Amino acid sequence: MIICAAIKDTRTGAVFGGIRHGNIYSAMHDAGITPPKGAAIEGFLDEKNNFYNRYEAYNIAMTNGQLSATTRQHKRDTGEKELFSEDLY
């Protein structure tokens, strides 16, 4: 089950989690951490702290029934296969 948004720094392997990706970037900035431009993968964490990119997380969220009927229909109508934070809330 997907529990929160995350950003992975591919240079170091560090993963930062938070409610939304924008919040994570803000928290990194406030902590003096330079967001890894060009080396960041936006994704999500599951309950075991495993990182998944937007496509993988979308499949997990769909499988676990985490998306509303409206969101599922929108994704089907548009062919979108990525998960965004707002899809979960």
Side-chain angles (χ1 to χ4, degrees):
M1 179 175 274
I2 299 300
I3 60 164
C4 69
I7 296 172
K8 183 174 187 175
D9 183 341
T10 61
R11 301 170 302 179
T12 64
V15 176
F16 304 90
I19 299 206
R20 294 185 185 257
H21 294 97
N23 299 107
I24 300 168
Y25 285 117
S26 293
M28 290 171 74
H29 180 268
D30 292 347
I33 299 168
T34 303
K37 293 189 192 263
I41 299 173
E42 291 183 356
F44 294 84
L45 294 174
D46 70 5
E47 73 280 3
K48 294 179 182 174
N49 211 35
N50 295 311
F51 178 84
Y52 299 96
N53 67 34
R54 288 186 183 275
Y55 298 97
E56 296 164 329
Y58 168 80
N59 289 326
I60 293 167
M62 286 293 283
T63 299
N64 287 295
Q66 291 184 261
L67 306 180
S68 70
T70 303
T71 299
R72 287 191 313 271
Q73 186 62 50
H74 172 75
K75 297 282 189 186
R76 279 192 292 270
D77 290 347
T78 62
E80 188 176 287
K81 302 279 187 199
E82 291 180 86
L83 187 66
F84 293 88
S85 303
E86 54 270 21
D87 295 335
L88 298 171
Y89 309 113

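All values below come from the heavy atoms of this structure, side chains included, with hydrogens, waters and symmetry mates left out. Keep in mind that this is a model prediction, so the values were computed, not measured.
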Item to check | Residue pairs passing the side-chain hydrogen bond (donor to acceptor under 3.5 Å, both in side chains) test where at least one lies in residues 43-53, sequence neighbours excluded | outcome: Asp46-Asn50, Asp46-Tyr52
Checklist entry - Of all heavy-atom pairs between Ala61 and Leu88, which one has the smallest distance, and what is that distance? => result CB-CD2, 4.4 Å
Item to check | Side-chain donor/acceptor of Asp87 to backbone N/O of Phe84, under 3.5 Å | outcome: yes
Checklist entry - Which heavy atom in His21 sits nearest to a heavy atom in Ser85, and how many Å separate them? => result ND1-OG, 3.4 Å
Next on the checklist: Would the distance check show the side chain of Arg54 and the main-chain N or O of Leu83 forming a donor-acceptor pair, the cut-off being under 3.5 Å?
Outcome noted: yes
Next on the checklist: Minimum heavy-atom separation for Leu45 and Gly17, please, with both atom names.
Outcome noted: CD1-CA, 4.2 Å
Checklist entry - Mind checking whether Asn64 and Ile2 have side chains closer than 4.5 Å, heavy atoms only? => result no
Next on the checklist: To the closest 0.5 Å, what do you measure between CD (Glu56) and NZ (Lys81)?
Outcome noted: 15.0 Å
Item to check | side-chain hydrogen bond (donor to acceptor under 3.5 Å, both in side chains) contacts touching residues 28-37 (sequence neighbours left out) | outcome: none
Checklist entry - If you group Ile, Leu, Val, Met, Phe, Trp and Tyr by side-chain heavy-atom gaps below 4.5 Å, do Tyr89 and Met62 land in one group? => result yes
Item to check | Over 12 non-hydrogen atoms of neighbours within 6.0 angstrom of CD1 in Ile33 | outcome: yes
Checklist entry - With side chains defined as the heavy atoms from C-beta onward, is the minimum distance between Phe44 and Ile60 less than 4.5 Å? => result no
Next on the checklist: Run the side-chain contact (heavy atoms from CB on, under 4.5 Å) test on Ile41 and Ile7 for me, step by step, so that the C-alpha distance in whole Å, both residues' side-chain angles and the decisive distance to 0.1 Å come before the verdict.
Outcome noted: CA-CA 6 Å; Ile41 299 173; Ile7 296 172; over 6 Å; no
Next on the checklist: Can you list everything that forms a side-chain hydrogen bond (donor to acceptor under 3.5 Å, both in side chains) with Tyr25? Sequence neighbours excluded, please.
Outcome noted: Glu42
